[in-house]
Amino acid sequence: MSNFNERLRAERKRLGLNQEKFASLGGVTKDTQLNYENGSRKPDSEYLELLARAGVDVTYLLTDVRTESNLTEDESELIAGYRNLDIRGKAGVLGMISGMATPQTIGGTTNQGKVGQQITGDITGAKAVNLIGKKIKK
């Protein structure tokens with residue numbers, strides 16, 4: 001089991017932030033962030049509240065247990081909007097994401113992320129399936 005300062009550093013790195021940018025999320029200086037990460041100081045609740053609002057998994061920081069539902073406000077809004085779409089709308093969104101994906105090399109050829117949705121059946125009973133066969137929930 002890791003300690004708080006190790007989890008704090010790991011969470012910062014998972015989010016791809018340097019100490020200065022992560023510190024600004026919590027309303028502290030880079031030096032204070034460094035002290036939190038090396039274990040010489042412990043953060044207060046205001047710091048943790050600000051990190052939670054920015055999408056940091058504070059439950060993980062405190063308990064060493066990842067929270068699956070820890071989403072930023074933007075991510076929550078996107079999911080809520082997606083859930084309100086009909087099956088064709090969902091297929092369109094997934095196709096757009098697929099088209100924006102970084103090209104992957106498979107067996108020496110590059111897959112440019114084709115808009116890979118197909119809809120079968122009528123719209124009321126339609127099932128959208130992406131190119132790798134994963135069903136899209138209605």
Side-chain angles (χ1 to χ4, degrees):
M1 182 172 176
S2 62
N3 58 34
F4 177 85
N5 58 307
E6 291 170 345
R7 292 189 300 271
L8 182 63
R9 185 180 309 111
E11 184 68 356
R12 176 179 59 78
K13 289 181 177 185
R14 181 187 71 84
L15 296 170
L17 298 173
N18 62 32
Q19 287 178 326
E20 185 175 1
K21 288 182 181 180
F22 196 83
S24 70
L25 293 178
V28 298
T29 66
K30 179 182 175 183
D31 288 339
T32 300
Q33 181 67 35
L34 178 64
N35 289 333
Y36 293 162
E37 290 186 19
N38 70 24
S40 64
R41 285 190 62 196
K42 297 290 183 199
D44 60 17
S45 60
E46 183 180 350
Y47 170 84
L48 295 172
E49 287 176 33
L50 290 170
L51 290 183
R53 288 184 192 152
V56 174
D57 189 349
V58 174
T59 300
Y60 167 69
L61 296 179
L62 297 172
T63 66
D64 200 20
V65 176
R66 289 266 178 212
T67 304
E68 297 294 325
S69 63
N70 192 25
L71 301 175
T72 64
E73 191 174 319
D74 288 350
E75 292 167 333
S76 294
E77 186 177 336
L78 285 169
I79 290 171
Y82 178 83
R83 287 179 177 162
N84 287 322
L85 295 172
D86 65 15
I87 193 73
R88 287 187 184 187
K90 289 178 180 181
V93 168
L94 293 175
M96 178 185 67
I97 292 169
S98 176
M100 295 171 67
T102 305
Q104 299 174 349
T105 303
I106 301 171
T109 62
T110 301
N111 174 359
Q112 293 292 335
K114 300 172 191 165
V115 177
Q117 310 304 324
Q118 61 185 24
I119 297 178
T120 58
D122 65 27
I123 190 62
T124 57
K127 291 182 181 177
V129 180
N130 66 19
L131 284 177
I132 59 171
K134 182 177 176 185
K135 289 184 180 178
I136 302 167
K137 293 181 181 179
K138 293 183 184 179

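In this text the structure is predicted, and so the values were computed from the model without any measurement.
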Legend entry - Common cluster, V28/L62, ILVMFWY with side-chain heavy-atom separation under 4.5 Å: yes

Inset, instruction - Nearest 0.5 Å please: distance from the CZ atom of R53 over to the CG atom of L48. - result: 11.5 Å

Inset, instruction - Drop me the distance from T63's OG1 to D57's CG, to the nearest 0.5 angstrom. - result: 7.5 Å

Inset, instruction - Give every residue pair that meets the ring pair (Phe, Tyr, Trp, His ring centres under 6.0 Å) criterion with at least one member in residues 6-30, sequence neighbours excluded. - result: none

Inset, instruction - Check side chain to side chain donor-acceptor pair (under 3.5 Å) between N38 and all other residues, then give those that pass, not counting sequence neighbours. - result: S40

Legend entry - Partners passing ring-ring contact (aromatic ring centres under 6.0 Å, His included) against Y47 (at least two apart in sequence or in another chain): Y36

Legend entry - L34 to Q19 - nearest heavy-atom pair and separation: CD1-NE2, 3.6 Å

Inset, instruction - Can you tell me which residue pairs pass the salt bridge (Lys or Arg N to Asp or Glu O under 4.0 Å) test with a partner in residues 21-37, sequence neighbours excluded? - result: R9-E37, R12-E37

Inset, instruction - Report yes or no: do Y60 and L25 belong to one cluster of Ile/Leu/Val/Met/Phe/Trp/Tyr joined by side chain heavy-atom distances under 4.5 Å? - result: yes

Legend entry - Non-hydrogen atoms of Q33 and L8 that approach each other most closely: NE2-CD2, 3.6 Å

Inset, instruction - Would you please name every residue forming a side chain to side chain donor-acceptor pair (under 3.5 Å) with S24, sequence neighbours left out? - result: none

Inset, instruction - Without swapping roles, check the side chain of R41 against the backbone of T32 for a donor-acceptor pair under 3.5 Å. - result: no

Inset, instruction - For S45, check side chain to side chain contact (heavy atoms under 4.5 Å, CB included) against everything at least two apart and list the hits. - result: E49

Inset, instruction - Following the transitive rule for hydrophobic clusters with a side-chain heavy-atom cut-off under 4.5 Å over Ile, Leu, Val, Met, Phe, Trp and Tyr, establish whether L78 and L94 coincide in one cluster. - result: no

Legend entry - Short side-chain to backbone donor-acceptor contact, E11 and V56, under 3.5 Å: no

Legend entry - G27 versus L50, closest heavy-atom pair with distance: N-CD1, 4.1 Å

Legend entry - Pairwise distance CG(D74) to CD1(I79) - rounded to 0.5 angstrom: 11.0 Å

